[in-house]
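Right, one structure below, let's go through it.
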Amino acid sequence: MKFNFGAGPCILPQEVFKQASQAVLNFNDTGLSILEISHRAPEFEAVVEEATRLVKELLNVPDGYSVLFLQGGASLQFSMVPANLLGEGQTAAYLDSGAWSSKALKEAKLYGNVNVVASSKEANYTYIPKTYEIPADAAYFHITSNNTIFGTELFEFPKSPVPLVSDMSSDIFSREINVADFGLIYAGAQKNMGPAGVTLVIIKDELFGKSGKKLPSMLDYKVQADNKSLYNTPPVFAIYTSLLNLRWLKSKGGVAQMEKENIAKAAALYEEIDRNPLFKGTCAGEDRSRMNVCFVMENPELEKPFLKFAEERGMVGIKGHRSVGGFRASIYNALPITSIHALVEAMQEFAEKHA
Ligand code: PMP
């Protein structure tokens with residue numbers, strides 16, 4: 001039995017894996033594999049349509065927004081956002097709350113001026129800065145709603161006078177959001193949406209062409225939207241598997257239900273981290289992520305032995321990112337609370353042995 005706490009690619013529901021593997025052999029009783037049908041076939045167009053519809057339904061996407069399935073990962077969005085939204089001579093505002101924010105703003109600098117309104121870099125990103133001003137003349141304001149590496153999450157979105165853009169790679173579909181508060185949301189799929197290889201973008205249509213720049217077709221949101229994410233050959237298997245996962249999400253009660261379960265899962269793990277004298281959390285209490293739980297040991301010499309101890313019990317993917325050290329348990333939607341219980345038990349047993 002494995003307990004997969006990987007940060008992404010990560011655990012997806014077993015039934016999604018089963019259905020996806022079935023479709024590799026025989027997709028919807030067509031006698032053909034999902035991997036061999038044309039992306040222009042009506043059967044595949046139906047996949048994109050249903051996936052789009054489910055994203056809109058699960059996140060309550062209002063009219064006037066487009067849902068796109070793109071390639072290039074969230075990392076390409078670091079460039080596509082400024083390419084499409086940042087006009088000549090304009091400034092984009094960024095909140096620097098972690099490694100991914102920092103990469104995003106680095107790319108934006110290739111397209112125009114960047115104003116970093118606040119940063120928690122000096123504290124190794126252990127908290128999310130909250131006092132700053134968003135310039136009213138910025139082209140947009142970019143945030144990272146969940147910092148996968150450092151384990152902090154933005155629970156209260158800033159009221160922005162300019163379009164709010166959020167990288168939601170690691171918390172999309174994990175909690176309810178009000179899409180109308182955002183101009184653009186993007187997320188690499190490989191956490192709560194599906195497998196790696198597809199990137200979700202939800203964009204307010206009025207932002208199309210905002211930079212006024214001529215763009216390569218592949219990098220132009222308007223071209224992608226006009227072509228319903230089928231401008232070129234899309235990542236068919238990643239989109240199909242995402243659809244299966246979105247169906248699973250709906251069948252489990254949708255995002256509101258996931259949020260409830262994620263709150264309970266995170267609380268159970270943080271409670272043990274705070275209670276167990278061997279362990280301690282790395283982030284400011286109020287910013288602790290419900291998706292990526294980062295913790296270290298009071299005695300760093302015990303970290304290697306604990307890792308081995310946990311791995312022997314089937315825990316996978318709990319080693320912390322090198323920039324934080326210690327441990328990171330990623331507890332996405334598909335991770336059952338029983339896996340949290342198994343990790344908590346391992347922490348307790350280890351503590352008894354090393355008391
Ligand atoms: N942003 C965040 C918040 C992430 O967690 C990641 C990857 N884990 C990325 C961006 C980069 O995503 P990708 O690998 O899809 O480019």
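For ligands, and for the atoms within them, numbers begin at 1 and follow the listed sequence. Quick caveat: nothing in here was measured; it's all calculated off a predicted structure.
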[X]: numbered ligand 1 atoms lying under 4.0 Å from its heavy atoms:
X      : answer
Thr148 : 2 (C), 3 (C), 4 (C), 5 (O)
Phe78  : 10 (C)
Asn146 : 3 (C)
Ser169 : 1 (N), 2 (C), 3 (C), 4 (C), 10 (C)
Gly73  : 15 (O), 16 (O)

Gln257 vs Glu261, side-chain hydrogen bond (donor to acceptor under 3.5 Å, both in side chains): CA-CA, chis, key distance, verdict: CA-CA 6 Å; Gln257 178 61 24; Glu261 291 177 21; 2.8 Å; yes
One thing to verify: whether Asp220 and Lys213 come together as a salt bridge, which I'm taking to mean a side-chain N less than 4.0 angstrom from a carboxylate O.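 Salt bridge flag = no for Asp220 with Lys213.
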Using a strict cut-off of less than 4.0 Å between a Lys/Arg side-chain nitrogen and an Asp/Glu carboxylate oxygen, indicate whether Arg40 and Glu45 qualify as a salt bridge.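 No salt bridge links Arg40 with Glu45.
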Within the 6.0 Å centroid threshold, strictly below: Tyr140 and Tyr94: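 For Tyr140 and Tyr94, the ring centres are under 6.0 Å apart.
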Given 3.5 Å as the limit, does a donor-acceptor pair link the side chain of [X] with the main chain of [Y], or not?
X      : Y      : result
Asp96  : Ala118 : no
Glu153 : Arg290 : yes
Tyr65  : Val179 : yes

Nearest protein heavy atom with distance in Å, relative to [atom]:
atom                    : result
atom 14 (O) of ligand 1 : Gln190 NE2, 3.5 Å
atom 7 (C) of ligand 1  : Trp100 CZ2, 3.5 Å
atom 16 (O) of ligand 1 : Ser75 OG, 2.6 Å
atom 1 (N) of ligand 1  : Asp167 OD2, 2.6 Å
atom 12 (O) of ligand 1 : Ala74 CB, 3.4 Å

Decide whether an N or O pair under 3.5 Å exists between Lys191 and ligand 1.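 Yes, since at least one N or O of Lys191 sits under 3.5 Å from an N or O of ligand 1.
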Is it true that the side chains of Ser145 and Asp171 contain a donor and an acceptor less than 3.5 Å apart?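 A pair is found: one side chain offers a donor N or O, the other an acceptor, under 3.5 Å apart.
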Under-4.0 Å heavy-atom contact with ligand 1, by part of Thr199 that carries it: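 No part of Thr199 is near ligand 1 at this cut-off.
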Does the residue Leu76 have a heavy-atom contact with ligand 1, meaning some pair of atoms that are separated by less than 4.0 Å?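 Contact check Leu76 vs ligand 1: negative.
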Have a look at Val114 and tell me which of Glu107, His142, Lys109, Lys106 forms a side-chain contact (heavy atoms from CB on, under 4.5 Å) with it.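 Only match with Val114 under side-chain contact (heavy atoms from CB on, under 4.5 Å): Lys109.
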